[in-house]
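Scroll down for the structure; my scribbles are underneath it.
In what follows, every heavy atom counts, from backbone to side chain, and hydrogens, waters and symmetry copies are set aside.
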Amino acid sequence: MPLVDESSSRWICFILLTMELWSQGVAVIWTLFLFYSISTVRGFEMKTIYCTISDSCDCDFKPNIQGLEWDLYKNVYGQHLAQDIVSESVASFLQKRSPDRPLVLSFHGASGTGKTMVSTMLGRHLYGTAMGSPYIHQYVPTLHFPVADRVKQYRSDLKRWVQGNLTACARSIFIFDEMEKMPPGVIDVLEPFLGPSHVVFQTNYRKAIYVFISTAGQEVINKVALESLQTGRDREEIQPEELEEAIAEAVYNNKNSGFYHSKIISEKRIAHFVPFLPLCRRHVERCAQRELCQRGECQHRAVAAAVGGAVTYTPQDGQHFSNTGCKLVPAKVNLFL
């Protein structure tokens, strides 16, 4: 027979939590809440209540900044801007015990350049899992917001989802993919959550991380990359300030973007517009080589070269950049292996 039954265990947990919260100066609030909810508290509910009141609850948050930096610089090819901006901004944000606003990043670039890969790395190195954590929330417009004339309903739904998830865990990560397919006006409901003034009941919403992913703005990025190449300038010499403002303007004025005339941009709620540069043939071949090694076939270097030659490049007269980045690499490896 167990020394302590389930009911007693719950009381012990409540007592321990009350003692810790007393030291944080919120004993009165906790006691009032305790009398109100004692009859309904269960395992997960008790943890959620504790997380929303106590600063010490980490919601399974396991940040590994060194691992994130290593992963970015080892496995993301041709993206020195994204590597630097993401690693530095995340490290700086997590050093603040009480940040004054959430970290908001917007990834822009052509398909296959690594935007989704980097967002997955964030989940892996902040929660120890790619996308399996209950505190990492991914939204896809074609799935969650498919009808353009339901903006009002979607705004209400999105606000409720985000606020509910923040109440459960202040360290939530929100990833919005394919922003170019988001109905304009929907995402603006989050603008108050992204600044320094909004307060969500019982949680520090400023500890959250938001990542927006979009192909909008790729024309601006590709133009700068091509001009740099044509003038003999090394792509690693391209600086963030050459692109960030231009990307913001292009996305803001793009009628096919979820950020079209968005207050999130006009109120400067995005910390960084992260450019993902178009990939050259050498980057495609590195992607192919990585794919081979993941299959235990590292020795087939000729296959990586063949994949690089089978991808289409643009512009037609120079054929400098892959039309699909590394997106088709796995399929091409299957073809040549």
Side-chain angles (χ1 to χ4, degrees), residues 76 78-86 89-90 101-119 122 138-146 148 151 154-155 158 162 173-195 208-228 235 238-279 314 321 323-325 327:
V76 180
Q79 305 298 351
H80 69 285
L81 295 172
Q83 291 165 334
D84 292 346
I85 294 172
V86 172
S89 59
V90 171
R101 64 184 64 207
L103 176 61
V104 186
L105 302 173
S106 192
F107 295 172
H108 297 268
S111 177
T113 51
K115 302 182 299 296
T116 300
M117 176 186 288
V118 172
S119 69
L122 283 174
Q138 187 169 22
Y139 301 92
V140 180
T142 51
L143 176 63
H144 297 98
F145 317 108
V151 170
Y154 292 154
R155 284 171 61 94
L158 182 57
V162 170
I173 299 175
F174 300 96
I175 299 173
F176 295 87
D177 205 350
E178 298 182 338
M179 279 296 297
E180 69 276 7
K181 299 178 182 178
M182 175 83 75
V186 173
I187 204 66
D188 267 13
V189 76
L190 297 185
E191 188 271 332
F193 292 86
L194 307 184
I209 295 176
Y210 296 80
V211 177
F212 300 105
I213 301 174
S214 177
T215 58
Q218 64 175 305
E219 296 84 2
V220 172
I221 300 168
N222 294 351
K223 181 175 182 291
V224 170
L226 181 60
E227 290 175 350
S228 178
R235 66 188 281 136
I238 299 174
Q239 299 300 309
E241 52 268 22
E242 298 177 51
L243 285 165
E244 288 203 61
E245 188 173 335
I247 293 172
E249 183 178 353
V251 172
Y252 182 79
N253 292 312
N254 186 339
K255 293 183 179 181
N256 296 319
S257 166
F259 280 130
Y260 178 62
H261 286 183
S262 171
K263 288 183 65 178
I264 291 176
I265 295 180
S266 62
E267 295 296 325
K268 300 187 183 302
R269 299 310 190 200
I270 296 176
H272 295 286
F273 290 88
V274 185
F276 283 73
L277 302 176
L279 300 183
T314 190
F321 304 126
N323 282 336
T324 54
K327 194 167 189 176

Take Phe107 and Thr116 through the side-chain contact (heavy atoms from CB on, under 4.5 Å) test and state the conclusion after the steps.
CA-CA 9 Å; Phe107 295 172; Thr116 300; over 6 Å; no
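- Between the side chain of Gln138 and the backbone N or O of Ile175 there is no donor-acceptor pair closer than 3.5 Å.
- The residue from Leu81, Leu105, Ile247, Val104 that alone fulfils the side chain to side chain contact (heavy atoms under 4.5 Å, CB included) condition with His272 is Leu105.
- Using a 4.5 Å heavy-atom cutoff, the side chains of Leu190 and Phe174 are not in contact.
- To the nearest 0.5 Å, atom CG of residue Asn254 and atom CZ of residue Phe259 are 12.0 Å apart.
- Val211 and Ser119 get closest at one heavy-atom pair: CG1-CB, 4.5 Å.
- Looking at Asn256 and Glu180, their side chains never come closer than 4.5 Å, going by heavy atoms from C-beta outward.
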side-chain contact (heavy atoms from CB on, under 4.5 Å) assessment of Val186 paired with Tyr139:
CA-CA 12 Å; Val186 173; Tyr139 301 92; over 6 Å; no
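- Looking at Glu191, its side chain never comes within 3.5 Å of a backbone N or O of Asp188 through a donor-acceptor pair.
- Salt bridge Lys223/Glu227: present, at least one basic N to carboxylate O contact under 4.0 Å.
- Between Asn323 atom CG and Thr314 atom OG1 the span is 5.0 Å, to the nearest 0.5 Å.
- Aromatic ring pairs are classed by plane angle as parallel below 30°, tilted from 30° to 60° and perpendicular above 60°; the pair Tyr252 and His261 is tilted.
- From Leu158, atom CG reaches atom CE of Met182 across 6.5 Å, with rounding to the nearest 0.5 Å.
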Under the side-chain contact (heavy atoms from CB on, under 4.5 Å) criterion, do Leu143 and Asp177 qualify, and how do the steps go?
CA-CA 11 Å; Leu143 176 63; Asp177 205 350; over 6 Å; no
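- Annotation for Gly109 and Gln218: closest pair C-CB, 3.9 Å, computed over non-hydrogen atoms.
- When every heavy atom of Val251 is checked against every heavy atom of Ser257, the shortest pair comes out as CG1-OG, 3.4 Å.
- The number of heavy atoms from other shown groups lying within 6.0 Å of CD (Glu249) does not exceed 12.
- Summarising the geometry of Gln83 relative to Val76, their closest heavy-atom pair is NE2-O, 2.7 Å, with the distance given to 0.1 Å.
- Of the possible donor and acceptor atoms, one in the side chain of Gln79 sits under 3.5 Å from a partner among the backbone N and O of Thr113.
- Proximity of His80 to Leu277: side-chain heavy atoms (C-beta onward) are separated by under 4.5 Å at one or more points.
- Of the possible donor and acceptor atoms, one in the side chain of His108 sits under 3.5 Å from a partner among the backbone N and O of Ala216.
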Determine whether Arg101 and Leu194 satisfy the following criterion, side-chain contact (heavy atoms from CB on, under 4.5 Å), listing intermediate values before the conclusion.
CA-CA 7 Å; Arg101 64 184 64 207; Leu194 307 184; over 6 Å; no
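- Taking every heavy atom of both residues into account, Ala225 and Ile238 meet most closely at CA-CD1, 4.1 Å.
- Distance CD/Glu244 to OG/Ser106: 10.0 Å, rounded to 0.5 Å.
- Nearest approach of Pro278 to Arg235, heavy atoms of both residues: O-NH2, 2.8 Å.
- The aromatic ring centres of Tyr210 and Phe193 sit 6.0 Å or more apart.
- Note that the OG atom of Ser262 and the CD1 atom of Ile270 stand 7.0 Å from one another [nearest 0.5 Å].
- The main-chain N or O of Val189 is never found under 3.5 Å from a side-chain atom of Lys263 such that the two would form a donor-acceptor pair.
- By the 4.5 Å heavy-atom criterion applied to side chains, Phe273 and Leu243 are not counted as neighbours.
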